[in-house]
**Student:** 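The following block contains the structure, expressed as structure tokens.
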Amino acid sequence: MTKIKRIGVLTGGGDCPGLNPAIKAIAKKALENGIETIGIRDGWRGVLDEKETVTTLNAEIVRHIDRQGGTILGTSRTNPFKIADGSQSVKKRFAALGLDA
């Protein structure tokens with residue numbers, strides 16, 4: 001079994017309550033286990049975008065985000081499975097970002 005060292009988190013679809021607390025919980029638990037957490041901005045659109053759309057979710061960044069509404073990462077309603085070669089683009093981007101999960 002491969003040890004997970006780096007994970008990516010994104011929020012997709014519509015904005016809703018509880019996203020920031022969920023992002024914070026994921027990042028904190030990952031940090032406790034020595035796992036780097038990368039936040040991907042603008043949901044699946046951010047994954048498919050060629051621009052730099054990621055940020056490291058460290059303790060300082062997530063410390064107070066549960067006090068804000070919405071999502072610090074932004075979101076989109078992009079569906080990679082409705083785009084030609086979308087799933088392949090997602091795989092390539094995940095590999096380029098060095099994500100294990």
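No hydrogens, no waters, no symmetry mates; every other heavy atom, side chains included, goes into these values.
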**Student:** Show the nearest heavy-atom pair for residues Ala30 and Ile7, with the distance to one decimal.
**Tutor:** CB-CD1, 4.1 Å
**Student:** Test of understanding: clusters of I, L, V, M, F, W, Y form through side-chain heavy atoms closer than 4.5 Å, transitively. Do Leu31 and Ile26 belong to the same one?
**Tutor:** no
**Student:** Hey, does the side chain of Thr11 reach the backbone of Gly74 with a donor-acceptor pair shorter than 3.5 angstrom?
**Tutor:** yes
**Student:** Could you report the tightest heavy-atom contact between Asp15 and Leu19, atom names first, then the distance?
**Tutor:** OD1-CD1, 3.6 Å
**Student:** Taking all heavy atoms of Leu57 and all of Val62, pick out the closest pair and write down the distance.
**Tutor:** CB-CG1, 4.1 Å
**Student:** Tell me whether Phe94 shares a hydrophobic cluster with Ile38, the cluster being built from Ile, Leu, Val, Met, Phe, Trp, Tyr side chains joined at under 4.5 Å.
**Tutor:** yes
**Student:** Are side-chain heavy atoms of Thr53 and Val47 found at a separation under 4.5 Å?
**Tutor:** no
**Student:** Does anything in residues 28-42 pair up under side chain to side chain donor-acceptor pair (under 3.5 Å), and if so which pairs, sequence neighbours excluded?
**Tutor:** Arg6-Glu36
**Student:** Applying the 4.5 Å side-chain criterion to the ILVMFWY set and letting contacts propagate, would Ile35 and Leu99 be lumped into a single cluster?
**Tutor:** no
**Student:** Less than 4.5 Å apart, any side-chain heavy atom of Asn20 and any of Ile23?
**Tutor:** yes
**Student:** Salt-bridge test for Lys5 and Asp100: reply yes if a basic N is under 4.0 Å from a carboxylate O, no otherwise.
**Tutor:** no
**Student:** Enter the distance from Ser89:OG to Asp49:CG here, rounded to the nearest 0.5 Å.
**Tutor:** 11.5 Å
**Student:** Assess whether atom CG of Asn58 is packed by more than 12 heavy atoms of other residues, nucleotides or ligands within 6.0 Å.
**Tutor:** yes
**Student:** Please find the pair of heavy atoms, one from Arg93 and one from Val54, that lie closest to each other, and give the distance.
**Tutor:** NH2-CG1, 4.2 Å
**Student:** What distance do Arg77 atom CZ and Arg45 atom CZ have between them, rounded to the nearest 0.5 Å?
**Tutor:** 11.5 Å
**Student:** Between Trp44 and Val90, which heavy-atom pair has the shortest distance, and what is it?
**Tutor:** CZ3-CG1, 3.8 Å
**Student:** Please check if Leu97 and Leu73 belong to a single hydrophobic cluster, counting links between Ile, Leu, Val, Met, Phe, Trp and Tyr side chain heavy atoms closer than 4.5 Å.
**Tutor:** no
